[in-house]
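Shown next, in structure tokens, is the structure this report addresses.
Whatever order the structure lists them in is the order used to number ligands and atoms, beginning at 1. Values reported hereafter were calculated over all heavy atoms of this structure, with side chains retained and with hydrogens, waters and symmetry mates removed.
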Amino acid sequence: MLNIVLFGPPGAGKGTQSEKLIAKYALVHLSTGDILRAEITAGTALGLEAKKLMDQGILVPDEVVIGMISNKLDANKDTNGFIFDGFPRTVAQATALDTLLASKNSAISMMISLVVADEELKSRLLLRGKDSGRADDANPAIIEKRIEEYNSKTAAVASFYETQNKLKSINGIGSIADIFTQICLTIDSNK
Ligand code: B4P
């Protein structure tokens, strides 16, 4: 199986590049952000709890997202592989993902990390906030909080995969098409 973690700070382009990658490599897209927003739209108890945190730019508890991913892995047993988009976001989530995949005789193939400077992230998210309807994109203070959450809880996940020799860093600034080409070259030479 080809299991790719697509990694980067908020607004790095994970969702944007995932859409193109699932089409090219026929992978199942698992975006914890999208799954949580679907729960919010459906008005579930989990969605209502998650919304309170997401609207403040705070990460949702590990056990919630790990449970969601476990269900999705079980529901897609016959796939070629997965794109994990926005997950894992903590070292505890990364450890749990390794355990879940090992129980299915599988593993993460590589982490693609999109590197983008903070100022570019802020301007992308504010731009999207003008019409996305996402409360977490509209307000500069909440965007700052998301970047702070990334630096304090998520950045360490890159070291977790680096220790396993699976970290591949890519410049996430430039045209969406050029970044996609670089990601594909990296996947094709490491799979
Ligand atoms: P996510 O939905 O994962 O969102 P994100 O980090 O904002 O977005 P992404 O990097 O995918 O950016 P995109 O491609 O859309 O998370 C939202 C919240 O959910 C989190 O804050 C947290 O509360 C919660 N959550 C999710 N997963 C969790 C987990 N595992 N654990 C705990 N909590 C979790 O790009 C952004 C914008 O940039 C778009 O408008 C796009 O068009 C633009 N863009 C993309 N590439 C570009 C480029 N090359 N040049 C210019 N603009 C570009």
For [X], state whether at least one heavy atom is located under 4.0 Å from any atom of ligand 1.
X	result
Gln17	no
Gly57	no
Gly8	no

| task | Apply side chain to side chain donor-acceptor pair (under 3.5 Å) to Gln164 and Asp98, showing your working. | result | CA-CA 11 Å; Gln164 299 183 9; Asp98 271 3; 2.9 Å; yes
Which ligand 1 atoms, with their elements, are less than 4.0 angstrom from a heavy-atom of [X]?
X	value
Gly33	2 (O), 26 (C), 27 (N)
Ala12	10 (O)
Gly86	27 (N), 28 (C), 29 (C), 30 (N)
Val65	29 (C), 31 (N)
Pro10	6 (O)

| said: Would the distance check show the side chain of Asp62 and the main-chain N or O of Gln93 forming a donor-acceptor pair, the cut-off being under 3.5 Å? | reply: no
| Counting only N and O atoms by type, is there a donor-acceptor contact under 3.5 Å from the side chain of Thr163 to the main-chain atoms of Ser159? | yes
Can you tell me which residue and heavy atom of the protein come closest to [atom], and the distance to 0.1 Å?
atom	value
atom 11 (O) of ligand 1	Gly15 N, 2.8 Å
atom 29 (C) of ligand 1	Arg89 CD, 3.5 Å
atom 8 (O) of ligand 1	Gly11 N, 3.7 Å
atom 33 (N) of ligand 1	Val60 N, 3.1 Å
atom 5 (P) of ligand 1	Arg146 NH2, 3.7 Å
atom 17 (C) of ligand 1	Arg134 NH2, 3.5 Å
atom 49 (N) of ligand 1	Gly174 O, 3.0 Å
atom 42 (O) of ligand 1	Thr16 OG1, 4.1 Å

| request: Assess the side chains of Asp85 and Gln17: does a donor N or O sit below 3.5 Å from an acceptor N or O? | output: no
Under 3.5 Å: N/O of [X] near N/O of ligand 1:
X	answer
Thr32	yes
Met54	no
Glu120	no
Ile179	no
Arg128	yes
Gln93	yes
Arg37	yes
Leu59	no

| Over 12 foreign heavy atoms within 6.0 Å of CD, Glu19 | no
| request: Taking atom NZ of Lys51 as the centre, report whether more than 12 heavy atoms of other residues, nucleotides or ligands fall under 6.0 Å from it. | output: no
On a heavy-atom basis, which atom in [X] and which in [Y] lie closest, and how many Å separate them?
X	Y	result
Ile147	Lys122	CD1-CG, 3.9 Å
Lys72	Phe82	O-CE2, 4.4 Å
Leu36	Ala50	CD2-CB, 3.9 Å
Pro10	Leu121	O-CD2, 3.3 Å
Gly8	Lys14	O-NZ, 3.0 Å
Ile108	Lys166	O-NZ, 2.9 Å

Among [options], which one has a heavy atom closest to [atom]?
atom	options	answer
atom 22 (C) of ligand 1	Leu53, Ile58, Leu97	Ile58
atom 6 (O) of ligand 1	Lys51, Met68, Lys14, Gln56	Lys14
atom 25 (N) of ligand 1	Leu36, Leu127, Ile147, Leu121	Leu36
atom 50 (N) of ligand 1	Lys153, Lys130, Arg124	Arg124

| request: Tell me, with the steps shown, if Arg146 and Asp137 meet salt bridge (Lys or Arg N to Asp or Glu O under 4.0 Å). | output: CA-CA 10 Å; Arg146 288 163 66 192; Asp137 280 346; 2.9 Å; yes
| Remaining members of hydrophobic cluster (4.5 Å side-chain criterion), Leu114 | Leu2, Ile4, Leu6, Leu21, Ile22, Tyr25, Leu27, Ile83, Met110, Ile112, Ile170, Ile179, Phe180, Ile183, Ile187
| query | Could Asp188 and Lys191 be called an ion pair, given the rule that one side-chain N must be under 4.0 Å from one carboxylate O? | reply | yes
